[in-house]
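All figures in this text were calculated on a predicted structure; none of them were measured in a lab. Order of the sequence lines fixes the chain letters, A, B, ..., with proteins taken first and strands second; residue numbering starts at 1 for each chain.
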Amino acid sequence: MKLPLSYYSNQDVLFLAQDLLGKVLFTEIDGEITAGIIVETEAYFGVQDKASHAYGDRRTDRTETLYSHGGISYVYLCYGIHHLFNIVTSIENDPHAVLVRAIEPLIGKDIMEKRRNMPASRTAISSGPGSAAKALGIDRSFNKKDLSGNEIWIENHNIQYAEADIEAGPRVGVAYAQEDALLPWRFWVKGNKYVSKYNP
DNA sequence: TGAATGATCGTCT
DNA sequence: GACGATCATTCAA
C-alpha cells in the first residue's frame, strides 16, 4: 500500500519523522527494485531550525526543493561524496523535511551488495544517511522527485512499533546549529542494528 | 570570480 | 579512535 501524497502534507514534521519509522522505502532503477524499512530519521524544522538548509527563510536554487509541497524528495551532496535523502513534508512554502538516516534491507539485497560492494550481512551496508541512500541507488537525479511516482515511493507494510520501541535524541553532525543541536529530533527503532551510532 | 564549508564514510593505525 | 577524500553550494567582493 503506497502512501498517498496527503500523508506528507501533515504539518507536524516531528510526528511524521516518528511515523515514518517502519515504513518501507522503495526505488526502481533500470527495472531493478530495492526496498528497505526506515529505522532512523531526523526532523528538520523549516525556517526556525538552525540546522536546516532553509533556516532564516534562506531561499536559493538548492533549497527551493524544500519549499515544495510535501511528498517530494530532496537529495543533496554532502562532503563532496555522499548523497543524503530527505522527504519534504508539510505544505508549499513551509520548508520542513525528514532525513532518512538508516534502513533495514528488505528487497533486492543482492543489488544493494553490488552497489555497496559489501555483503548484506554487514550492517554498514545501509547504516547512516550516505550509506542508506547509496544502497538504494539514490543520487542527485532523485532530487525533486514525486514520492507517489514509480521511481521512488514509500509503502505502509503495517509495521507498527510500540512507543516504547522508539527512542529520541539529539541529531547527529549539527553542532554548528548551537542551541538547536540539542533538540531531540532524531528518532530511531530501539535496538535495531542498522541504526547508526551516535558519536558524542 | 573565488574561497570556505559541510545533515559523512571508509580506511588505516 | 583519528583522519583524509572531494565537490556542489553559498556568500562575499
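In this structure, A:Y55 places its OH atom 15 Å from P of B:dG6, rounding to the nearest Å. Spacing between atom CG of A:D180 and atom P of B:dA7 amounts to 13 Å, rounded to whole angstrom units. Atom CZ of A:R171 is separated from atom P of B:dT8 by 11 Å (rounded to the nearest Å). As rounded to whole Å, 14 Å separates atom P of B:dC9 from atom CD1 of A:I138.
Nearest-nucleotide positions on DNA chain B place A:V174 closer to the 5' end than the other of A:A124 and A:V174.
Side-chain contact annotation: A:Y7 with A:D19, donor-acceptor N/O pair under 3.5 Å present. Side-chain contact of A:T27 with A:T34: a donor-acceptor pair under 3.5 Å is present, judged by distance alone. With 3.5 Å as the limit, one finds no donor-acceptor pair spanning the side chains of A:T41 and A:R186. In summary, the side chains of A:N192 and A:Y161 do not present any donor paired with an acceptor at a separation below 3.5 Å, with no hydrogens or angles considered.
For B:dA7, the base has a donor-acceptor partner in the side chain of A:H53 [N/O atoms by modelled type, under 3.5 angstrom].
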- Item | A:K23 and A:E155: CA distance, side-chain angles, deciding distance, salt bridge (Lys or Arg N to Asp or Glu O under 4.0 Å) verdict | CA-CA 6 Å; A:K23 299 293 188 289; A:E155 291 186 10; over 6 Å; no

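Under the 6.0 Å cut-off for aromatic ring centres, A:H53 and A:Y44 do not qualify, their centroids lying 6.0 Å or more apart.
You'll find the side chain of A:I37 reaches within 4.5 Å of the side chain of A:I159, heavy atoms only. Residues A:K144 and A:S68 have side chains in contact (heavy-atom distance under 4.5 Å, counting atoms from C-beta outward).
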- Note on the structure: Expected string for nucleotides 6-13 of chain C under the B/S/- scheme (protein heavy atoms, under 4.0 Å, primed atoms plus P, OP1, OP2 as sugar-phosphate) is BBSSSS--

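Using the six-membered ring where Trp is involved, A:H157 and A:F26 have ring planes that are tilted, between 30° and 60° apart.
Hydrophobic clustering, with ILVMFWY side chains joined whenever heavy atoms are under 4.5 angstrom apart, keeps A:L16 apart from A:V88.
Helical stems in DNA chain B, defined as runs of 3 or more consecutive Watson-Crick or G-U wobble pairs with donor-acceptor distances under 3.5 Å: B:1-6 with C:7-12, B:8-12 with C:1-5.
Against DNA chain B, the stretch residues 94-106 of chain A makes heavy-atom approaches under 4.0 Å through A:L99, A:R101.
Side-chain proximity of A:P129 to B:dC9, B:dG6, B:dG10: nearest is B:dC9.
In this structure, A:R101 contributes its side chain and A:E40 its backbone to no donor-acceptor pair below 3.5 Å.
Within the nucleic acid shown, A:T41 has no heavy atom closer than 4.0 Å to any nucleic acid atom. Within 4.0 Å (heavy atoms only), A:R116 reaches sugar-phosphate atoms of the nucleic acid but no base atom.
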